[in-house]
4 protein chains.
Amino acid sequence: MAKSSDGKYEKILHAAIDVISEKGLDKTSISDIVKKAGVAQGTFYLYFSSKNALIPAIADNLLTISLESVKEKTGGKSSFWDILEVMIDETFRITKEYKDIIILCYSGLAIDYSMEKWEAIYQPYYVWLENILKKAMQRNELISDMNVKWTAKTIINLIENASERFYISQSQDDGIEVFKMEVFNFIKRSISNPS
Amino acid sequence: MAKSSDGKYEKILHAAIDVISEKGLDKTSISDIVKKAGVAQGTFYLYFSSKNALIPAIADNLLTISLESVKEKTGGKSSFWDILEVMIDETFRITKEYKDIIILCYSGLAIDYSMEKWEAIYQPYYVWLENILKKAMQRNELISDMNVKWTAKTIINLIENASERFYISQSQDDGIEVFKMEVFNFIKRSISNPS
Amino acid sequence: MAKSSDGKYEKILHAAIDVISEKGLDKTSISDIVKKAGVAQGTFYLYFSSKNALIPAIADNLLTISLESVKEKTGGKSSFWDILEVMIDETFRITKEYKDIIILCYSGLAIDYSMEKWEAIYQPYYVWLENILKKAMQRNELISDMNVKWTAKTIINLIENASERFYISQSQDDGIEVFKMEVFNFIKRSISNPS
Amino acid sequence: MAKSSDGKYEKILHAAIDVISEKGLDKTSISDIVKKAGVAQGTFYLYFSSKNALIPAIADNLLTISLESVKEKTGGKSSFWDILEVMIDETFRITKEYKDIIILCYSGLAIDYSMEKWEAIYQPYYVWLENILKKAMQRNELISDMNVKWTAKTIINLIENASERFYISQSQDDGIEVFKMEVFNFIKRSISNPS
DNA sequence: GATGAATGAGCCTTCATTCAT
DNA sequence: GATGAATGAAGGCTCATTCAT
């Protein structure tokens, strides 16, 4: 059930990630990608309809990696605050490691008014966190009057944005630990059950 | 007089905003811009070094408009919560009105790894809010153990991201008033002084 | 078969020679060349990296023609003086026929500081004449204390320059026969063995 | 009787020589030249009708310098062979010093089929050498059956070409002294009176 | 499915030249 | 004479896409 014969889909996808990370989306040509992937020019179009079709695939790939990593690291944990800590740690780690791909996703998804695709791609992450939140609410760890859907999205965004400010916008007024702690506390103050 | 410039910089800038909003950055050619601006092809390059040099200028222009609008609307207010409400209202309004430019800024600033420019452009907004926060802390409206710099950035981002999710990513699970209220409460719970 | 190349390289090269001979290098656009060659604009760049890359190819082509013609005409001759006469005749004939290309080579090779390429292109001609000179020395037709390498280059240059003065610089104080004879005698007086 | 007010003609000419020597003719814009000359864009056109009009002026300037230098150095000498030696030395020296300008003249004069201008520019040099040759013939230093006009041109060309091969085409099989000596002897064998 | 030579539309950019001041 | 902002034509080159093999 492989995507295709020789894993050419993956070859092209990873070559694209490599080259675009290095040269930026604009400066990267299909020619660069197929050269790196070791396939012919025309082969690209057997797997991707166009250059822009790459970006959702890349973004999806990145989010899948992130989510799996978070799921794995939070495997045994039940306390919401432990899970939140892992989410923060992992988001910072992944932002650092894949900052070039993240930039590419920003520039790429803005093309063609395809911003809505973000939401589709993030959907599994949102759903996962919604469930976490619900369980924590049942355990009275969190306040009860909370819009779970909205809060899940906001928390994910808040963490991601903080780490992007840190690693991409180079806004490093303080050390990374301060950054992480601020994120944690900002969220905790807002949604923990004071009981 | 009137020779130098003749407002050509502004003419080009606004023509660029118009055309790019309509067609998107990639599909817009310099030729489109100068035609709309009513200047010669070469004149463009007297004011902007390249096509990409437009984006920071556009972003800067947008933020200046936003900030001025917020400042004006909060003119007489002293309560932090009144100010926050204005910020939320204005951010949603501007996001709606200028959603195309915002998208363009996302994609444009991601090009050339010039993401750091965001921070420079936002600087005046950050500084303004930091001062607001400090005054509110002195009035005991807010908790005292707060990293003002970090919180200012986070609040601005949180509001913007929520409104972008609403208008751009079309994540309209709930009505706009719910969205706005969630933002307000999330922040309030996190930083208001419970005293 | 017939796919690869299909003689497109030659088509482009000869179209370039034709058009540039007629219009001059500066006034000739790639567009002119490909139109004449009957290939697409982009195809040009599959065979030549840039417009300037044409000139060495053209120069090489011209010298190959010249050398082959000289070799053929001197086929049966053994006397150095007969060979020299052929060289002079052929050089004058070719200069007349291809004066436009020669001018183009002068101007083209001067671009990009690629003058050294001249020497590489002339190498086969130099080597051929060096061998002729050596054999003539063994037959005692020529003086024995002669730097063969240097003399070969100088003789070739001397003939070419004279014919260029005649056809290109229009310095026709005297008839062509006088010109040719002067060249012949100048060289003969300098290197013939008086024995 | 200055060419113009502030020596702007000279300023532009020398700025042109400097910039073109450094960047090459093609890559040099009028803008570069006027910037270096410290005059306005439009001022250029008060002194030169176009960019190409520069080259004959530059070539003329170079030859005037060369000829004056040769004349000065041969001031007291009467022996033709002493004069020839000076000519060779000076030509090599000037070729080394001004190789970039010489290249520029090659490429520039080939434009617009203006090769004939070479001859006009060289005229004073030719005439000077013709007179030297005539006097030497009267002193029986040289053979008597010689086309003076043709020989003058050929000698000048032969020396120049040898030095260009040495410095520009980098054809340095032998040291410079060997090169110079070969030139001297080749000419001497050809035209000295054996008596 | 895989190839890669060929395509050709289109764009950014340069730069010689002009002209109102 | 001098200026330099403005012009706008022109062209080299790129590159996504196609299609015959």
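We name chains A, B, ... by the order of the sequence lines, and we start the count at 1 in each one. Only this structure's heavy atoms are used, side chains among them; waters, hydrogens and symmetry mates stay out.
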Would B:Leu63 and B:Trp118 satisfy side-chain contact (heavy atoms from CB on, under 4.5 Å), going step by step from the backbone distance to the final call? CA-CA 10 Å; B:Leu63 191 100; B:Trp118 271 121; over 6 Å; no
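Note on the helix from E:dA2-F:dT21 to E:dT21-F:dA2: angle between the axes of the first and last five pairs equals 0°, rounded to 10 degrees.
If you take OH of C:Tyr9 and P of E:dA6, they are 15 Å apart, rounded to a whole angstrom. For the pair A:Lys27 NZ and F:dC13 C1', the interatomic distance rounds to 16 Å; values are reported in whole Å. Between the C1' atom of F:dG11 and the CG atom of C:Asn52 lies a distance of 13 Å, rounded to the nearest Å. The NZ atom of C:Lys23 sits 12 Å away from the C1' atom of F:dG11 (whole-angstrom rounding). Spacing between atom CD1 of B:Ile33 and atom C1' of E:dC12 amounts to 11 Å, rounded to whole angstrom units. Residue D:Lys35 contributes atom NZ, which lies 15 Å from atom P of F:dT3 at whole-angstrom precision. The separation between D:Phe48 atom CZ and F:dA2 atom P is 13 Å, rounded to whole Å. One can place OH of A:Tyr45 at 18 Å from P of F:dA20, the figure rounded to the nearest angstrom.
Side-chain nitrogen and oxygen atoms of D:Lys8 include none within less than 4.0 Å of the OP1 or OP2 phosphate oxygen of F:dG1. One finds a side-chain N or O of D:Tyr47 lying less than 4.0 angstrom from the OP1 or OP2 phosphate oxygen of F:dA2.
Residue pairs meeting the salt bridge (charged side-chain N to carboxylate O under 4.0 Å, His left out) criterion with at least one partner in residues 36-60 of chain D, sequence neighbours excluded, are absent.
Applying the side chain to side chain donor-acceptor pair (under 3.5 Å) rule to C:Tyr98 yields no partners; only residues at least two apart in sequence or on another chain are considered. Partners of A:Ile17 by side chain to side chain contact (heavy atoms under 4.5 Å, CB included), not counting sequence neighbours, listed by chain and number: A:Leu13, A:His14, A:Ser21, A:Ile58, A:Asn61, A:Ile101. Listed by chain and residue number, C:Tyr126, C:Val127 satisfy the side chain to side chain contact (heavy atoms under 4.5 Å, CB included) test with C:Gln123 (two or more places apart in sequence, or in another chain). Under the rule for a side chain to side chain contact (heavy atoms under 4.5 Å, CB included), the partners of C:Gln41 that lie at least two apart in sequence or sit in another chain are C:Ile30, C:Ser31, C:Val34.
Comparing B:Ser31 and C:Leu46 by the nucleotide of DNA chain E that holds the closest heavy atom to each, the one mapping nearer the 5' end is C:Leu46. Looking at which nucleotide of DNA chain F each of D:Ala40 and C:Ser29 is closest to, the 5′-most match is held by D:Ala40. Mapped onto DNA chain E by nearest heavy atom, B:Thr43 and B:Lys51 fall at different nucleotides, with B:Lys51 at the one closer to the 5' end. Residue-to-nucleotide proximity on DNA chain F shows that, of B:Val39 and C:Ser49, the 5′-proximal contact is made by B:Val39.
At a threshold of 4.0 angstrom between heavy atoms, the contacts of A:Val34 with the nucleic acid are absent. Counting any heavy atom pair closer than 4.0 Å across all strands shown, C:Thr28 reaches sugar-phosphate atoms only and no base atom.
With hydrogens and angles ignored, a donor-acceptor pair closer than 3.5 Å exists between the side chain of B:Gln41 and the base of E:dT13.
In summary, of the residues considered (C:Asp32, C:Asp100, C:Thr28), a side chain to side chain donor-acceptor pair (under 3.5 Å) with C:Lys23 occurs for C:Asp32 alone.
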